[in-house]
Participant: 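Can you keep this structure in mind? I'll have questions shortly.
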Amino acid sequence: MRRIPAVLFIFLLAGLVRGQQALASLDYMCTQTWKLVHRSYEGCSNQAMLAPANDTRVNLLLLMADLHAARYKKTFAAQPATQSPDSPLFGWQMIPGWSDSQRSTTQESPLFSWEEIAARFAPPRTQPAPSDDEAQAEHDKCPTTFDPADGFPGAVRADASLVPEEREALLAARLALRCKESQEALTKAAKAATTPAGRAFLAYLAAADRFWQGAYPEAAAAFAPLAKADVPWLKETAQYMLGRTALKVAQEGAFDTYGEFNRDWKPDERRIADAQAALDTYLQTYPQGLYAQSARGLKRRCPWLAGAKDALAKEYGALMAVDHGDRKVSDPELAQEIDNKLLMAIYDPQANGPAPKWDPLSQTPALLAVLDLQRMRKPGSDQDAVGSTITRAELEAQRQLFAGNMPLYEYLLAAYAFFVDGKPAEVLRLIPDAGRQDFLSYFEFSRQMLRGLALEAMKDRNALGFWTQMLPGATMPFQRAALELAIALHHERAGMTSRVFEADSPVRYPYLRQTLLLYSADAALLRKQAQDNNAPQRERDKALFILLYKEATRGHAADFLKDLALAPADAPVKGGMSPDGSADAIWYESAKEGVPLGIFRQPIAGEYGCPSLVEVQTLLTKEPRDPKALLCVSDFVRRNSEVAAVVDHPPPADELGGSPSQFAGKPHVRMETYQAVLTDPKASADNKAYALYRSIRCYAPGGNNGCGGADVALDQRKAWFLRLKKEYPASRWAKELKYYW
């Protein structure tokens, strides 16, 4: 189930989270896929363009941002276009704060998830939300001070008709409300309340006490006369509470333990109508009242409870166009609410059969576009939960619904042509070149990005120039970084990775550059970057680390010994989590530890007592097949397995870094080395015993191959075990090994 921030949970009043994850995102176990063409949902791989694979909340937010383009443009226009603080792909958690505060200049991930986005689009929290334990602790004890949002104490203190004794008794009773001392405090207040106003305030506390105890009919009966009280605060608050109470009655039994609708619950239309009428009465009487924004939010629950999706869609369509300062709900909060309360219900396959019904969205093109894009995802794991892929005929049937926004409809046709039909030429026909602009709204950026993807798919020679001409107008969050990814991919696919690292290259996002250094760069480029005084120090250190690791493990002993001189003599040896040189310290920009270049001079150590790589590589310059030296290289790889897991395993061919490596030689495969030693007539008995020992332990402890190469059958591992015991019984390795796996 998706986790909801506490402030949003309060706003939604519980019960809005659905178990389906096909539409929005999971906020855990999320990894990014470094490519621009995503055909299936990936929670961390959203883009700053309207796209089928995006989290539906992200698409909602991009459309909403364009409705308030002036505010967003003002907020972010000051960000220098030469910087790339955002990421090409992102998660929802990056969004809160996006629209209401200046962007941070810290480097973030090039791919993003919904939670990452939400961190950029919502106003910053002034205080952290309390944990569940803290909230329970607060509930279990009576507070000693009033909540600043509580209007009761202010109203009591401001009422001059109250005598001091009853004022103090009323305030004490208010603090005790919902505590175990509440009845005692209310009794004392009843004895002290002698004035009409005092008795009215006491009646409010008694009504509130019934409300919090869940006795809603009794609470409503107590609030009703107070809605005509002579005290203005009481009169307004009681009217508001009549609406809240009626809504509580309307939703009784609706939700299960997890906040989802009980399947056997049926809405009571009369109760829902009563709640809506009570909230309408409050809003008509107090359109700018103390609780007006809350009442409007509560009122939206009425069509939701009733299943009136048409009315709810119309309400949301209008609300999206209202600035967040007027609706008092941030853009990400509204996107979250729309996704949970409306889109999830439309997507529900149990309610709608094999295909979602878009009828409720017929009057709200923006919401319909989000549903259409979601249904363009490649059929698969998440698509099966929400119905079939939209057909061209279905999309054509919607033309009249987009009569007031034909550019959006044409974009949907172009997206369908690219993502579903695989016809990039149709995209070029539908979307003319308009990339050279000073400012690109998210919608226009989406159009031009789709055109660029079509140019790349057709291998058009103008694709690189097209991406480059978009850079000046890409001033909104996540736009420039997406272009940097497009340019990096283009250069890599063209076999020109080195162009990313030229002085005038627009690709500045660290992870993009690191990925190309890791998988695509040849030795000359790595060596150049390691010595480039204009490059950031961490990038230089990474380039040198990758160069030395690959030289040491891919048969470039002489080059290793020469290039090791580039590493400082006092370079760090350890860092982060790993005792042998952490991948954390190497790859992450935020790591405080330096890149552990010192591991290349340290003894490899381990069970075989290997010397440093300097001595090992010196042996290999004299004899490239020296058994002891090769076994020590394997031990170096084994003892730095976290590094090997990154450097020696490139991503799939369709992702950045997936092109054939330009670095000469193959990754070191330990199993192949052990087998080579076993067949080498020059290998000593101890070499072969250790090679057998390590070959067997490749499958410890679970029987899975941890050394690379082809898997070996259990019978073969048994044969190695018996050979070790028979041919080398006096060796340390035969004595220590008690099992085979």
Side-chain angles (χ1 to χ4, degrees), residues 549-558 560-561 580 599-600 603-645 647-649 663-741:
Y549 178 87
K550 289 191 173 183
E551 288 176 336
T553 60
R554 285 159 170 76
H556 302 275
F560 171 85
L561 294 172
D580 299 306
I599 66 172
F600 298 107
I604 298 171
E607 297 163 294
Y608 206 46
C610 290
S612 72
L613 272 179
V614 175
E615 297 176 61
V616 170
Q617 297 296 313
T618 300
L619 282 173
L620 290 172
T621 60
K622 301 173 182 177
E623 176 50 63
R625 305 307 302 167
D626 184 273
K628 171 77 179 222
L630 291 177
L631 288 171
C632 285
V633 172
S634 286
D635 263 16
F636 174 78
V637 172
R638 178 177 62 84
R639 291 179 61 76
N640 292 279
S641 59
E642 292 177 341
V643 175
V647 182
D648 294 337
H649 296 85
F663 199 101
K666 303 188 307 179
H668 184 91
V669 180
R670 289 167 51 204
M671 181 63 78
E672 292 177 0
T673 299
Y674 301 145
Q675 298 311 300
V677 170
L678 289 172
T679 59
D680 187 347
K682 296 181 181 180
S684 68
D686 196 52
N687 293 156
K688 293 189 176 185
Y690 188 64
L692 282 170
Y693 171 80
R694 277 286 152 215
S695 295
I696 296 165
R697 288 196 62 84
C698 284
Y699 287 83
N704 297 314
N705 182 8
C707 296
D711 286 342
V712 176
L714 183 62
D715 288 347
Q716 180 60 69
R717 280 128 58 188
K718 177 180 179 181
W720 286 338
F721 180 82
L722 295 176
R723 179 183 173 186
L724 177 62
K725 297 291 186 179
K726 180 179 179 181
E727 296 183 17
Y728 310 102
S731 70
R732 170 188 172 185
W733 319 115
K735 293 176 181 179
E736 288 189 4
L737 195 62
K738 301 184 182 301
Y739 313 100
Y740 61 89
W741 292 268

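When a residue number appears, it is its place in the shown sequence, counting from 1.
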Participant: Would you say the side chain of R625 lies within less than 4.5 Å of the side chain of K682, judging by non-hydrogen atoms?
Facilitator: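 Not in contact.
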
Participant: Side chains of Y549 and L613, heavy atoms from C-beta outward: is any pair under 4.5 Å?
Facilitator: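 Side-chain contact under 4.5 Å: no.
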
Participant: Only one of W733, Y740, W741 passes ring-ring contact (aromatic ring centres under 6.0 Å, His included) with F721; say which it is.
Facilitator: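 Among the candidates, only Y740 passes.
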
Participant: Among L620, L619, T618, find the one that has a side chain to side chain contact (heavy atoms under 4.5 Å, CB included) with V616.
Facilitator: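 Per the side chain to side chain contact (heavy atoms under 4.5 Å, CB included) rule, the option paired with V616 is L620, out of L620, L619, T618.
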
Participant: Answer yes or no: is there a donor N or O on one side and an acceptor on the other, between the side chain of N640 and the main chain of V643, under 3.5 Å?
Facilitator: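 Not confirmed, N640 side chain does not pair with V643 backbone.
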
Participant: Is P611 close to C632 at the side-chain level, that is, under 4.5 Å between some pair of heavy atoms?
Facilitator: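 In short, these two side chains touch, coming nearer than 4.5 Å.
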
Participant: Of all heavy-atom pairs between A734 and Y728, which one has the smallest distance, and what is that distance?
Facilitator: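 Looking at all heavy atoms of both residues, the shortest contact is CB-O, 3.0 Å.
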
Participant: Can you measure from SG (C707) to CE (M671) and round to the nearest 0.5 angstrom?
Facilitator: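 So the SG of C707 and the CE of M671 are separated by 5.0 Å.
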
Participant: Looking only at atom types and distance, does a side-chain atom of K550 sit under 3.5 Å from a main-chain N or O of H556, one as donor and one as acceptor?
Facilitator: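 A pair under 3.5 Å: no.
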
Participant: Nearest 0.5 Å, please: how far is OH in Y608 from CZ in R732?
Facilitator: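 Taking CZ in R732 and OH in Y608, the distance rounds to 10.5 Å.
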
Participant: Using a 3.5 Å distance criterion without hydrogens, assess whether the side chain of T673 forms a donor-acceptor pair with backbone atoms of V669.
Facilitator: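 The answer is yes, because a donor-acceptor pair under 3.5 Å joins these two groups.
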
Participant: Can you tell me how far the CG atom of L692 sits from the NZ atom of K725, to the nearest 0.5 Å?
Facilitator: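 One gets 11.5 Å once the value is rounded to the nearest 0.5 Å.
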
Participant: Give the minimum heavy-atom separation between A552 and V633, together with the two atoms involved.
Facilitator: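 Smallest heavy-atom distance, with atoms named: O-CG1, 3.8 Å.
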
Participant: Working to the nearest 0.5 Å, report the span between CG of L737 and CD1 of I696.
Facilitator: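 Reported to 0.5 Å precision, the distance equals 5.0 Å.
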
Participant: Do the charged groups of K718 and D715 touch, with an N to O distance under 4.0 Å?
Facilitator: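 D715 and K718: not salt-bridged.
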
Participant: How far apart are the closest heavy atoms of P624 and L630, and which atoms are they?
Facilitator: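 Looking at all heavy atoms of both residues, the shortest contact is O-CD2, 3.9 Å.
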
Participant: Once rounded to the nearest 0.5 Å, what's the spacing between atom CZ of R670 and atom OG1 of T553?
Facilitator: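 Interatomic distance, R670 CZ to T553 OG1, rounded to 0.5 Å: 13.0 Å.
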
Participant: Quick one, R697 and E736 - any side-chain contact, counting heavy atoms below 4.5 Å?
Facilitator: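 R697 vs E736: side chains apart.
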
Participant: So, for Q675 and S695, which heavy atoms are closest and what is the spacing to 0.1 Å?
Facilitator: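 Shortest heavy-atom contact: NE2-OG, 3.1 Å.
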
Participant: Return the minimal non-hydrogen interatomic distance between R694 and D635, and the atom names on each side.
Facilitator: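 For R694 versus D635, the nearest heavy atoms are NE-OD1, 4.3 Å.
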
Participant: So, K688 side chain and V677 main chain: donor-acceptor pair closer than 3.5 Å or not?
Facilitator: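 It does not hold such a pair.
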
Participant: I need the minimum non-hydrogen distance between R639 and I604, along with the two atoms involved.
Facilitator: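 Scanning both residues completely, I find the closest heavy atoms to be NE-O, 3.0 Å.
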
Participant: Rounded to the nearest 0.5 Å, what separates atom CG in L561 from atom CD in E551?
Facilitator: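 Rounded to the nearest 0.5 Å, the CG-CD separation comes out at 9.0 Å.
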
Participant: Please determine whether a side-chain nitrogen of the Lys or Arg among E623 and K628 lies less than 4.0 Å from a carboxylate oxygen of the Asp or Glu.
Facilitator: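 Answer for the salt bridge query: no.
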
Participant: Less than 4.5 Å apart, any side-chain heavy atom of Y674 and any of S634?
Facilitator: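 Counting from C-beta outward, Y674 and S634 do come under 4.5 Å.
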
Participant: Would you say that S731 contacts L724 through its side chain, given a criterion of any heavy-atom pair below 4.5 Å between the two side chains?
Facilitator: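 When only atoms from C-beta onward are counted, L724 and S731 do touch, with a gap below 4.5 Å.
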
Participant: Would you find a donor on one side and an acceptor on the other, under 3.5 Å apart, between the side chain of Y699 and the backbone of V712?
Facilitator: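 Answer holds: yes.
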
Participant: Does R554 pair with D648 as a salt bridge, N-O distance under 4.0 Å?
Facilitator: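 Yes, R554 and D648 are salt-bridged.
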
Participant: Show your working on side-chain contact (heavy atoms from CB on, under 4.5 Å) between H668 and F636 and close with a plain yes or no.
Facilitator: CA-CA 10 Å; H668 184 91; F636 174 78; over 6 Å; no

